[in-house]
Amino acid sequence: PTMYDEIFAFKEDLAVVEIEEKCGFIDKENNMVIPADYDLAMSFSEGLALVCKGEKCGYINKNNEVVIPFEYDAGTPFEEGEAKVKKDGKWATLTKEGQLTWI
């Protein structure tokens, strides 16, 4: 049945769904595994997903645990262990361990 305002492609066995302007994640059996508590969400990549609450973004794991705090203005999915994040108008490379290298 129609349950979602939007649904995106499955990546790493989870898909982003949007319900009433909030984003969460479902599994392939249509179980809501991460509640629709986020203002924006990107698909999982390398076990982490970029999610935003209000004006700040961070990264969660598949257990909905915050791995990288909500302190960035924008970000990209992880590729080969790194993501790009924007903070205070500057871009940096971010590792999964939280290390930043300003570009």
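Remark: side-chain polar atoms of N31 are not paired, donor with acceptor, to backbone N or O of V33 under 3.5 angstrom. Panel note: side chain T76, backbone K84; a donor-acceptor pair is recorded below 3.5 Å. E12 places a side-chain N or O within 3.5 Å of a backbone atom of E46 that can act as its donor or acceptor partner. A donor-acceptor pair under 3.5 Å is formed between the side chain of D5 and the backbone N or O of E20. The closest donor-acceptor contact from the side chain of S43 to the backbone of K11 lies at 3.5 Å or more, if one exists at all.
For the atom pair CG of L40 and CD of E21, the computed distance is 12.5 Å after rounding to the nearest 0.5 Å. The CE atom of M32 sits 3.5 Å away from atom CD1 of I19, with the distance rounded to the nearest 0.5 Å. Interatomic distance, CD1 of I68 versus CD of Q99, reported as 10.5 Å (0.5 Å rounding). Taking CD from E80 and OG from S45, the interatomic distance works out to 10.0 Å, rounded to the nearest 0.5 Å.
Residue N61 comes nearest to N63 through the heavy atom pair OD1-N, 2.9 Å, listed as atom of the first residue, atom of the second, then distance. Of all non-hydrogen atoms in A74 and W91, the two that sit nearest each other are CB-CH2, 4.0 Å.
Only one option out of V51, V17, V16, I34 pairs with C23 in a side chain to side chain contact (heavy atoms under 4.5 Å, CB included); it is V16.
A heavy-atom distance below 4.5 Å is not found between the side chains of T93 and L100. Taking 4.5 Å as the limit, some side-chain heavy atom of D13 sits within range of a side-chain heavy atom of K28. Taking 4.5 Å as the limit, some side-chain heavy atom of L94 sits within range of a side-chain heavy atom of F78.
The pair E82-K96 does not count as a salt bridge, with every side-chain nitrogen at least 4.0 angstrom from each carboxylate oxygen. A salt bridge links K56 with D73: the distance from a Lys NZ or Arg NE/NH1/NH2 to an Asp or Glu carboxylate oxygen falls below 4.0 Å.
In this structure, F44 has its ring center closer than 6.0 angstrom to the ring center of F25.
Within a 6.0 Å sphere centred on CD of E65, other residues, nucleotides and ligands contribute more than 12 heavy atoms.
Ring-plane geometry between Y38 and F70 is classed as parallel, the angle between the planes falling under 30 degrees on a 0 to 90 degree scale with a further cut at 60.
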Between Y72 and E55, is the side chain to side chain contact (heavy atoms under 4.5 Å, CB included) condition met? List the steps.
CA-CA 8 Å; Y72 301 101; E55 298 293 318; over 6 Å; no
Steps toward salt bridge (charged side-chain N to carboxylate O under 4.0 Å, His left out) verdict (D37, K22)
CA-CA 6 Å; D37 293 335; K22 293 289 185 178; over 6 Å; no
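Cluster annotation: M42 is connected to L48 through the hydrophobic network of ILVMFWY side chains, with a link wherever side-chain heavy atoms come within less than 4.5 Å. L50 is connected to V67 through a chain of hydrophobic side-chain contacts under 4.5 Å among Ile, Leu, Val, Met, Phe, Trp and Tyr, so both are in one cluster.
A side-chain N or O of Y4 and one of N30 form a donor-acceptor pair less than 3.5 Å apart.
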